Amino acid sequence: MTAQEIRLCGLLLREHFGEVVEKVGKHLLRGGAQNLRCVGHEAGLSLDLVKKTLCVLVQHGACSFASGRKGPGSPTEYWACCDRILRILRYPRYIYTTKTLYGDTGELLIEELLQRGHMTMSSLVKTVADRLTQNMEDGRSVDYSEVSSIFSKLVETHFLQRCPPPPAAAAAADSGAQAAAPAAPGAPTAPSGAAAPSAESFADCYRVPHVTLVGRGKRQHAAEDGEEPRSAKRPRMDSQVHGDEGIYWQVNFERFHQHFRDQAIISAVANKLDQTSSEIVRTILRMSEVTTSASAACTKPLSANEIFRSLSASYNISRPILDQYLTLLVDDPMEFVGKAGESGGGMYIVNLHRALANLARATLESIVQERRFRGLRITWGFCLREERLAQTQRVAARAFIEPMRCLPRPGDVHVGLQDQFFKSMSPDELRKFETNIFYRLTFFLLQEIPKTPDFAPSRTFYLYTVNQLPTARMLLQNCYKTVANLIERRLFESRESKRLLEKSQRIEAILASLQASGAEPEQLTEVEEMITASEKQQLDVLRLHVNKLDSAENQVDETIFLLQSYINSTAVAPT
Amino acid sequence: MAGRGRGARSFSVDSVGISRDSLPVTVQQPTPEFPVMEQKPLPLTGGEEVEYLLALKQDLRAAMKSLPCFIQPVQVHKDVERYSDKYHLNEHSKSLKDWTLDWKRFPKELRLHVRRPHSKGAVLSSVQSGQKKEQEQEQEEGRQKEQVLLNLETLEKKEEQESSEEEGEQEKKQEKEEQEPEEEYDEEEFEEETDYSMPYFDNGEDFGGDSDDNMDEAIY
C-alpha cells in the first residue's frame, strides 16, 4: 500500500460511499489488521458509525475479517484490501463488457451486483426484472425466467461466482478440507489465524442453485390520489422463500481481467499483422477460456486440427492457409504464439506472459515518447531492445559491451552506430538530453565501464540500461497519482460552481414538475429564463470540463490495467 | 578557485578536463509551478464507446449516492442546539432501515440494533430479525401505551370515534407486526406527536443565501 494507492482509495471511497467510509477505510489501509475498538478509537467516530462502515466494506468485499491472532478468545480483526477498492475505477468497463456479450439484461445484472456487493440470485433477478420492466412501454413486462437464463449463462462462463462462506462458518464446518487461499493477485495478506478462503477453493463455486422463481417484473406506479395510503408505505418486501437463502453471488473480477487481457492481445495482433491472424488468435483464446487458470504463462496446447474446426465459417480459411498463418504468427518477433509440438498438425500455444510483457513495453515506450525529449525516446527504445536481447541470450554484460554501441559523452570522439544520431543534434539539444537523463535518472540505470583504471570521465564508457519491471512499477504509481489528481480536480471544479449547479438543478426540478402537471409554454419559457445566458455558458463549460476529467480517468485506467497485469504476471512467474 | 559561496565547487573546471558547458545548470530560484510543456498532450480518444463508458460512470456514481451503503457524513453541531433538531435528525437515519443484511455473514460484534421512537402506540421493532420475546414485549408496551391514550381520549371525544380509531390502529399495528415492519414515512404526518408538518420546523437559516450576486436591493 503505497501512499499514492491509499490516497486514490480514499478518494474512490469518498465518491461512492461517503466521507465516513473514506476515513475508516484509510485507517484500515494504513494500519493493517486491527480490531473494532482500535479502528473506532483512531478514526474518532462513534462505535455505531464504525460498525455500519465496516458492514458496508465487508459487504462489498473491500474488507475481510478473521478471529484474532492471539487465540480463539481475542476480538475479530479487520483488514482492508487495496486492490479491491482500486477496482471501483474499472466498474464502467465491466458493465460495458457484459453489455457487449450479453445485452441489456447482462448489463443490468452486473451493474446491480456491483452496486450492492453481494446478492442472492432471487433478489438480483427480481430487481433487474423490475428495472427492465420500468424502461419498457406500458403493458409489457419481463419474465423472471429470461433474466434467470442470462444469469445462468454468466455463471457458466465464470463471470459470476458464489461468495465463499465467512471464516467462522468455514472453520467450524470442514476442518479437514480447508484449502489454503491461493496466491491470487489482490488477495489480502491474511494473518496466520483462520484465513478467509478464496472463492475458488469453494467446491460449488459455479453451481447455480435450484431456485423457484416464477413471475414477471413489476412496474412501480406513480402515486395516485386514490392509492395515497398504500404508496406512502414502502413497497412490501417479499417474504417468499425461493430456495436459495444464504447463497450469495459476487462478480468474478479475475475472469473479466482475463477477458480484457485477451482483447488486448487480439487487438495488438490485429494492429501488427492483419484481421485474419487476429481471428485465429481469438479462436485459440476462446477455446482456452475456461481451461486456463488466471495466472498461467501460456494457454494449453491446441492442435491445428482443433483450431481449424473451431474457426468460424465466415472467414473461409482453408487448411493450408491456416497453417501458413500459424507459421507466420510463430515467427513474428513479438512471440504472441508459440509452437509446442508436432502432433496433430502442430500444437500451438499463446504466450500470455510474453504478450503482456510486450504490451507493457509498448505502453512504456509510448509514455516516454509523449512526455520526454525525442532523443530520450530513441535511446530508450534502443536500450530496451538491447536489454531484452541480453536477457534472452544470457550473455555476460562484459562480453556484450563491445558489440553494443555506447553513448559517448559530448565532446568526445563519437563512437559507433549512434554517430549519425548524435551528429544530427545540435550542442543545445545534446545538453538538454544530458539534463533530462541526469535530472530524471529514474528511467535509466547508469553503469560505468572504464577503459583505463583511473575512471577518468573522458575515457570511460557510460552504459545506460533500462530495467523494465521497476520502471513499470514506477509508472503504475504515477498513474495512480494521475487518477487521484483528476478526481481531486473534478471535485474542486464542482465545489467552485456548487451554487450554480444547485440553481440549475432546482430549475430543472421546477420545469419537470410543471411539465408533469401540464403547464403552458409561456410558463416554461419564463422558468427557463431564470438562468441567464452567461450562467448557461458557465454551466456548459463546467460540464465539458467534468466530462473530460471523467473520460481521462477511464482511459488512464486502461493503462493501469495493462501495467498491473504485467507486474502481476512477473510476480507469479515460476522460479 | 573562482568564487566562494553559491558558485563554489569542489573541483576546478580545468583540472578535471570537462568543458564549462557540460556542467549541469545551477538552479537560481524555485522551479515554476506550471512549467511550460514542450509537447502538448494528445487529445483524449473520442467515440461511442468512450461516451458510453462516461455515461455509465456518472450514472453509477449518482446511483450509489442514493443507496443505503452511502453513509451520510456526521452532521456538525452548529453553534446552538435548536428545537427543530429533534425533527431533522430522523431524516437521515432512515437509510439503515431498508438495508437488509444477512447477519450470518458478519461477525457478531457488527450487528446493529435500531430502535425507532414510539409513534402513537404502534411500536416498530428493530431491524435485526428480532427474537420473539422482544417483539412480544414491544407489543405489550404498545398496548399499554395505547390504553393510556385511550383513557385520555374518552374524556375528550365521543365513544364511536375513539373505537373506530382504536380498531383502525389495532389493525394497522397487527398488520405491521405480522410482516417485517415497514416505515410509514410521510413528511406530512410525522411520527412524533406533533400537529405541525415538517416545513413548520424549517429554521429559516437557508433563506437568503441564494441570490448573492444581485446586491442592488438592500437586504434587511
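Proteins get letters first, then strands, A, B, ... in listed order; numbering begins at 1 in each. In this text, all values refer to a predicted model and were calculated from it rather than measured experimentally.
Residues A:N547 and B:E51 bring no donor and acceptor atom of their side chains to less than 3.5 Å of each other. Counted by atom type alone, B:Y52 and A:K99 present one or more donor-acceptor pairs between their side chains at under 3.5 Å.
Interface remark: of the candidates B:V50, B:L54, B:L56, B:L54 forms the most heavy-atom pairs closer than 4.5 Å to chain A. Your options are A:L114, A:T100, A:L89, A:L36, and the one with the most heavy-atom pairs under 4.5 Å with chain B is A:L36. The most heavy-atom pairs under 4.5 Å with chain B, out of A:R93, A:E553, A:E111, A:K23, come from A:E553.
Residues satisfying the ring-ring contact (aromatic ring centres under 6.0 Å, His included) test with A:Y78, not counting sequence neighbours, are none. Every residue two or more places apart in sequence or in another chain that forms a ring-ring contact (aromatic ring centres under 6.0 Å, His included) with A:H60 is listed here: A:F17.
Of the atoms belonging to A:R90, not a single heavy atom falls under 4.5 Å from chain B. With a 4.5 Å cut-off on non-hydrogen atoms, B:K65 touches chain A through its side chain but not through its backbone. Contact annotation for A:E22: neither backbone nor side-chain heavy atoms come within less than 4.5 Å of a heavy atom of chain B. Interface remark: A:Q115 contributes backbone and side-chain atoms alike to the contact with chain B (heavy atom separation under 4.5 Å).
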> Which is it for A:I507 and A:S504 under the side-chain contact (heavy atoms from CB on, under 4.5 Å) test, yes or no, and what are the steps along the way?
Replying inline: CA-CA 5 Å; A:I507 293 195; A:S504 79; 5.7 Å; no
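Taking the side chain as every heavy atom from C-beta outward, A:H16 and A:V21 never approach each other to under 4.5 Å.
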